[in-house]
Amino acid sequence: MNPRHGLLKHSSLVIRVLMALILGCNINRNNHFFQPIAISTVSSSSGSSAIASLEALRLDGRLSLENNQLAAKDFGNRYHFLPAAVLHPKSVTDISSTVKHIFEMGPTSGLTIAARGHGHSLEGQAQAHEGVVINMEALQGQVMHFHTGEDPYVDVSGGDLWINILHESLKHGLAPKSWTDYLHLTVGGTLSNGGISGQAFRHGPQISNVYQLEVVTGRGEVVCCTKKQNADLFYGVLGGLGQFGIITKARISLEPAPKMVKWIRVLYLDFNTFSTDQEHLISTKNSFDYIEGFVLINRTGLLNNWRSSFNPKDPLQASQFNSEGKTLFCLEIAKYFNQEEYHTVNQKIDSLLSELNYIQSTLFLSEVSYMEFLNRVHVSELKLREKGLWEVPHPWLNLLIPKSKIHDFSQEVFGKILTDTSNGPILVYPLNKSRWDNRTSMVTPAEDIFYLVAFLSSAMPSSTGKEGLEHIVTQNRRILELCETAHLGMKQYLPHYSSQEQWKAHFGNQWEAFVLKKSTYDPLAILAPGHRIFKKSKSFFMTKAPDNPARVPKSVHANYMKYCNS
């Protein structure tokens with residue numbers, strides 16, 4: 001239902017009553033007229049008593065009140081908010097009972113809840129200051145259920161890691177269609193954000209490859225939802241940043257899994273040629289199965305570094321290529337195949353490569369198993385852990401740039417704002433909106449083709465120079481300011497903002513629907529406080545609909561529109 005049209009229908013007025021109340025308004029029961037009230041904080045003593053009441057819950061798992069420092073840490077390693085308790089659930093009932101208990105306490109408890117998967121958030125999104133963090137990985141012991149007939153799928157826990165799903169599905173000759181580059185992430189975590197990698201041009205993101213969800217709402221209700229059943233919640237939760245519910249189970253679409261991968265890298269000196277070839281490949285039938293790209297600024301010995309994993313097609317030509325001081329653009333592509341298709345797939349690759357305009361001497365190839373290819377980032381992780389360079393601050397910046405503005409962006413950022421890429425990879429690759437389901441909560445630019453540009457920086461804690469956190473954060477800020485002043489129509493992926501006005505700008509014309517869903521499924525703003533979109537307020541909230549919603553006056557609608565336009 002279009003929320004703008006729905007506002008005109010009496011049947012939806014109850015939701016607008018709830019929505020207006022959550023936004024910091026009080027209700028006079030005599031005339032149903034709303035009056036603004038101030039948001040107040042909750043004392044620490046009331047918070048302690050609220051936590052104490054949680055200890056009385058009968059749980060299959062356990063509630064931890066001490067030594068919870070891990071729950072105040074994430075991959076970003078910049079924000080550290082210590083929770084009052086950590087729930088280690090052994091069942092979905094543990095989660096629903098905890099959420100329902102906090103909901104029934106009302107707004108005065110001040111408690112909030114954050115679902116934490118593998119802790120790969122960047123800005124404290126999975127943390128809950130003096131609240132409750134749910135360790136979703138504690139649910140991993142549940143058995144995965146595979147359907148291997150027509151339209152295969154697997155039912156998994158929201159706390160399952162994608163790497164484990166890959167291992168299990170390969171036993172059935174199957175695999176999920178869409179991936180992230182890093183597989184040691186939970187299902188609930190990626191589905192709450194999007195889930196993007198080099199397969200998304202063909203299959204869409206992970207949120208476009210889900211058949212069914214089980215969700216615990218902010219009221220503690222356990223709801224099964226699909227595209228047809230409870231569809232509003234289904235689409236709202238996908239890409240919804242955890243604001244409407246906690247994903248406890250998911251039914252993931254599968255496809256026959258290949259055995260092997262031809263993995264290829266080629267270089268370009270010119271961004272226009274590079275992006276033109278990328279856009280050509282994502283629009284070509286029977287193209288590669290994976291298409292990404294990255295930027296290399298002022299990197300020396302580049303091709304020699306690749307030789308440990310890739311072989312040059314022409315070693316002599318490759319040895320004569322000099323990458324020093326140049327800004328280069330690498331196209332990274334892959335073709336999946338089985339052994340009996342070996343000669344056919346080589347012919348297909350040669351044909352596809354003949355249509356591209358890369359530097360001929362820079363063609364590097366590798367042949368690996370499907371598992372090795374999909375799990376490639378974990379290999380880098382292990383090397384960084386050995387050197388003590390994994391658990392450092394990661395001030396990542398992920399942007400979605402419209403195709404019409406990507407060249408302007410490239411000219412201003414690569415080589416001007418950024419003078420080298422020593423702090424980490426810079427990914428650049430196009431995506432087709434036609435492969436995305438636009439009913440989900442995820443926000444993308446208003447064009448059919450847009451680019452993911454990901455600055456995956458690592459900061460050295462002891463450095464005050466270019467490798468330091470302050471320098472990288474300043475660079476990120478300059479990039480964001482460029483996008484704003486040049487009106488590039490950019491949207492953040494894995495977004496983080498400090499004010500609700502910025503969130504409103506991020507969601508644009510989807511903001512009203514987003515607020516409406518929040519009032520419906522999490523009316524006390526209990527869930528996912530780390531995103532800082534909504535604040536739990538100490539005010540009266542209606543949790544029961546009026547007997548005759550048709551009698552609710554136009555002032556309800558006026559308050560709703562006033563908030564959305566404020």
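When atom types are taken as modelled, the side chain of Thr226 and the backbone of Gln229 share a donor-acceptor pair closer than 3.5 angstrom. With hydrogens and angles disregarded, a donor-acceptor distance shorter than 3.5 Å links the side chain of Asn209 to the backbone of Pro205. Judged by distance alone, the side chain of Ser208 and the main-chain N or O of Gly204 form no donor-acceptor pair under 3.5 Å. With hydrogens and angles ignored, the 3.5 Å screen pairs no side-chain donor or acceptor of Gln492 with any backbone N or O of Leu399. Judged by distance alone, with hydrogens and angles left aside, the side-chain atoms of Thr180 form no donor-acceptor pair with the main-chain N or O of Leu183 at under 3.5 Å. Gln500 contributes a side-chain N or O that, together with a main-chain N or O of Ile533, makes up a donor-acceptor pair within less than 3.5 Å.
With sequence neighbours left out, the side chain to side chain contact (heavy atoms under 4.5 Å, CB included) criterion links His167 to Ile163, Met371. Under the rule for a ring pair (Phe, Tyr, Trp, His ring centres under 6.0 Å), the partners of His172 that lie at least two apart in sequence or sit in another chain are Phe146. Taking the salt bridge (Lys or Arg N to Asp or Glu O under 4.0 Å) definition, one finds that Glu221 meets it with nothing, sequence neighbours left out. For Pro445, the side chain to side chain contact (heavy atoms under 4.5 Å, CB included) test picks out Leu400, Pro402, Phe450, Lys491, with sequence neighbours left out. Not counting sequence neighbours, Lys177 has no partner by the salt bridge (Lys or Arg N to Asp or Glu O under 4.0 Å) test. With sequence neighbours left out, the side chain to side chain contact (heavy atoms under 4.5 Å, CB included) criterion links Ser498 to Gln502. The salt bridge (Lys or Arg N to Asp or Glu O under 4.0 Å) test applied to Glu168 returns Lys171, not counting sequence neighbours. Scored by the salt bridge (Lys or Arg N to Asp or Glu O under 4.0 Å) test, Arg251 finds Asp155 as partners (sequence neighbours excluded). Looking at residues two or more places apart in sequence or on another chain, you find a ring pair (Phe, Tyr, Trp, His ring centres under 6.0 Å) between His147 and Tyr153.
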| query | For Tyr211 and Ser253, what are the C-alpha separation, side-chain angles and deciding distance, and is it a side chain to side chain donor-acceptor pair (under 3.5 Å)? | reply | CA-CA 7 Å; Tyr211 291 145; Ser253 175; 3.2 Å; yes
| Pair His496-Gln125, side chain to side chain donor-acceptor pair (under 3.5 Å): steps then yes or no | CA-CA 8 Å; His496 170 74; Gln125 289 96 331; 4.7 Å; no
| request: Could you walk me through whether Phe514 and Phe244 pass ring-ring contact (aromatic ring centres under 6.0 Å, His included), step by step? | output: CA-CA 9 Å; Phe514 196 83; Phe244 315 125; 4.9 Å; yes
| field | Steps toward side chain to side chain donor-acceptor pair (under 3.5 Å) verdict (Thr248, Glu214) | value | CA-CA 6 Å; Thr248 50; Glu214 179 186 79; 2.7 Å; yes
| request: Before giving the answer on side chain to side chain donor-acceptor pair (under 3.5 Å), spell out for Gln243 and Tyr521 the whole-Å C-alpha distance, their side-chain angles and the decisive distance to 0.1 Å. | output: CA-CA 8 Å; Gln243 294 300 307; Tyr521 302 112; over 6 Å; no
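Counting all heavy atoms, side chain and backbone alike, Gly131 lies closest to Pro83 at O-CB, 3.5 Å. The shortest non-hydrogen separation linking Ile95 to Leu87 is CA-CD2, 4.2 Å.
Using a 4.5 Å cut-off on side-chain heavy atoms (C-beta onward), Ile51 and Val132 make contact. Taking the side chain as every heavy atom from C-beta outward, Leu191 and Val210 approach each other to under 4.5 Å. With contacts defined as side-chain heavy-atom distances shorter than 4.5 Å, the pair Thr217/Val223 qualifies. No side-chain heavy atom of Tyr429 sits under 4.5 Å from any side-chain heavy atom of Tyr451.
Taking the six-membered ring for Trp and the full ring otherwise, Phe75 and Trp390 have centroids separated by under 6.0 Å. Taking the six-membered ring where the residue is Trp, the centroids of Phe103 and His101 are separated by 6.0 Å or more.
Between Trp503 and His531, the ring planes are perpendicular. Angles over 60° get that label, and only those under 30° would be called parallel. Between Trp396 and His394, the two ring planes are perpendicular [angle over 60°; tilted spans 30° to 60°]. Between Tyr336 and Tyr370, the two ring planes are perpendicular [angle over 60°; tilted spans 30° to 60°].
The structure places CG of Leu170 at 11.5 Å from CD1 of Ile165, a figure rounded to the nearest 0.5 Å. Rounding to the nearest 0.5 Å gives a distance of 9.0 Å between CG of Asp522 and CD1 of Ile246. Atoms CG and NZ, on Leu111 and Lys536 in that order, are 6.0 Å from each other to the nearest 0.5 Å. Taking CG from Asn398 and CD1 from Ile196, the interatomic distance works out to 8.0 Å, rounded to the nearest 0.5 Å. The distance from atom OG1 of Thr190 to atom CG of Leu161, rounded to the nearest 0.5 Å, is 10.5 Å. Atom CZ of Arg219 is separated from atom CG of Leu527 by 11.5 Å, given to the nearest 0.5 angstrom.
Judged as a salt bridge (charged side-chain N to carboxylate O under 4.0 Å, His left out), the pairs with a partner in residues 76-95 (not counting sequence neighbours) are, in order, Arg78-Glu123. Screening residues 190-212 for salt bridge (charged side-chain N to carboxylate O under 4.0 Å, His left out) gives Arg202-Asp289 as the qualifying pairs, with residues at least two apart or on separate chains.
The pair Arg116-Asp74 does not meet the salt-bridge criterion, since no charged nitrogen lies less than 4.0 angstrom from a carboxylate oxygen. A salt bridge between Arg376 and Glu372 is absent, with no side-chain N of the basic residue lying under 4.0 Å from a carboxylate O of the acidic one.
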Side-chain donor-acceptor pairs under 3.5 Å in residues 56-64, sequence neighbours left out?
from, atom 1, to, atom 2, distance (Å)
Asp60, OD2, Ser91, OG, 2.7
Ser64, OG, Glu66, O, 3.0
Ser64, OG, Asn68, OD1, 2.8

